[in-house]
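Inspection log for the structure reproduced underneath, given as structure tokens.
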Amino acid sequence: MSDDASPAESLIPYEAWTDDALRDVVARALELAAAEGLPGEHHYYLTFRTDHPGTKVPGHLKARYPQEMTIVLQHQFEALTVDRTARLFSVQLYFGGMPATLVVPFGALTGFADPAVRYGLRFQPQMEEAAAPPEPAEEPAPPPPAPEGPAQVVSLDAFRRRPARE
């Protein structure tokens with residue numbers, strides 16, 4: 001075999017299996033937070049595609065974050081549920097003092113981090129998943145609150161695993 005030969009493409013979906021297993025790590029972390037709260041200084045950053053089929057985000061937030069959004073689960077979250085059968089989680093958060101319930105399929109996740117222990121995962125969104133059937137029309141979303149200040153961008157680079165050095 002020559003040094004410049006590229007690796008053969010696998011007929012076994014190892015990458016997809018690994019990705020699914022790592023999404024299960026996120027599901028377990030969320031189940032722990034739902035059942036017992038977050039211990040110590042632990043808190044979660046969850047980044048997901050808002051345009052993913054099955055993601056449900058109130059209209060005013062969807063307008064602000066048309067493709068991707070990062071939420072933080074730390075002190076003020078409610079009604080966190082994990083549905084492994086439907087492969088999604090839901091949570092109620094407050095934006096500008098207004099409650100909002102988000103429904104996020106695990107396939108929509110692009111990142112997970114727990115900065116308290118410098119743990120993080122990156123994912124490719126699984127955009128081919130089927131969309132959930134449309135729900136009955138709801139009341140229109142309230143207008144978005146005025147921005148409280150400049151948006152903060154959170155870099156997850158510090159939480160990525162680095163290759164071990166020999």
Side-chain angles (χ1 to χ4, degrees), residues 6-59 61-95 100-135 151-165:
S6 60
E9 185 153 330
S10 177
L11 300 176
I12 300 172
Y14 292 117
E15 287 186 27
W17 290 347
T18 301
D19 206 47
D20 284 345
L22 291 174
R23 288 176 197 277
D24 187 58
V25 169
V26 177
R28 288 177 179 212
L30 292 173
E31 286 172 334
L32 175 76
E36 303 174 18
L38 290 165
E41 296 298 315
H42 288 273
H43 56 288
Y44 303 151
Y45 284 78
L46 295 140
T47 304
F48 59 94
R49 294 292 301 243
T50 57
D51 58 352
H52 183 277
T55 300
K56 295 177 186 160
V57 178
L61 292 174
K62 176 78 171 169
R64 249 176 111 178
Y65 306 99
Q67 291 185 322
E68 193 170 70
M69 179 178 193
T70 298
I71 59 173
V72 179
L73 301 185
Q74 189 169 15
H75 301 296
Q76 296 183 348
F77 65 90
E78 298 173 1
L80 174 60
T81 60
V82 176
D83 184 337
R84 285 185 177 262
T85 304
R87 301 186 67 200
L88 57 80
F89 70 93
S90 64
V91 65
Q92 183 179 21
L93 298 170
Y94 291 84
F95 297 88
T101 298
L102 309 177
V103 177
V104 181
F106 286 109
L109 289 173
T110 60
F112 170 83
D114 182 347
V117 291
R118 297 181 54 94
Y119 182 79
L121 300 170
R122 300 286 298 160
F123 302 101
Q124 288 296 319
Q126 299 168 338
M127 298 299 282
E128 70 279 353
E129 291 184 11
E135 293 190 4
Q152 293 183 354
V153 177
V154 177
S155 172
L156 298 178
D157 290 339
F159 308 108
R160 290 192 181 129
R161 292 188 178 249
R162 292 176 181 32
R165 297 193 184 253

Rounded to the nearest 0.5 Å, how far apart are [atom1] of [X] and [atom2] of [Y]?
X: Phe77; Y: Ile71; atom1: CZ; atom2: CD1; answer: 10.0 Å
X: Phe106; Y: Leu22; atom1: CZ; atom2: CG; answer: 13.0 Å
X: Lys56; Y: Leu88; atom1: NZ; atom2: CG; answer: 8.0 Å
X: Tyr45; Y: Asp114; atom1: OH; atom2: CG; answer: 10.0 Å
X: Leu38; Y: His43; atom1: CG; atom2: NE2; answer: 9.5 Å
X: Leu30; Y: Leu46; atom1: CG; atom2: CG; answer: 5.5 Å

Heavy-atom pair with the smallest gap, counting every atom of [X] and [Y]:
X: Leu93; Y: Val72; answer: CD2-O, 4.2 Å
X: Thr81; Y: Ser90; answer: OG1-OG, 2.7 Å
X: Asp19; Y: Phe123; answer: OD1-CD2, 3.2 Å
X: Asp51; Y: Gln67; answer: OD1-O, 3.5 Å
X: Val57; Y: Lys62; answer: CG1-N, 3.8 Å
X: Leu80; Y: Ala34; answer: O-CB, 3.3 Å

Above 12 or not: heavy atoms from other molecules or residues under 6.0 Å from [atom1] of [X]?
X: Arg84; atom1: CZ; answer: yes
X: Glu78; atom1: CD; answer: yes
X: Gln124; atom1: CD; answer: no

>> Looking only at side-chain N and O atoms, does Thr50 offer a donor or acceptor that is under 3.5 Å from a partner on Thr55?
In response: no
> What orientation do Tyr44 and Phe112 show, parallel under 30°, tilted 30 to 60°, or perpendicular over 60°?
Replying inline: tilted
> Considering only heavy atoms from C-beta outward, does the side chain of Asp20 approach that of Arg87 to under 4.5 Å?
Replying inline: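 Yes, side chains in contact.
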> Does Leu102 reach the side chain of Leu61, with side-chain heavy atoms less than 4.5 Å apart?
Replying inline: yes
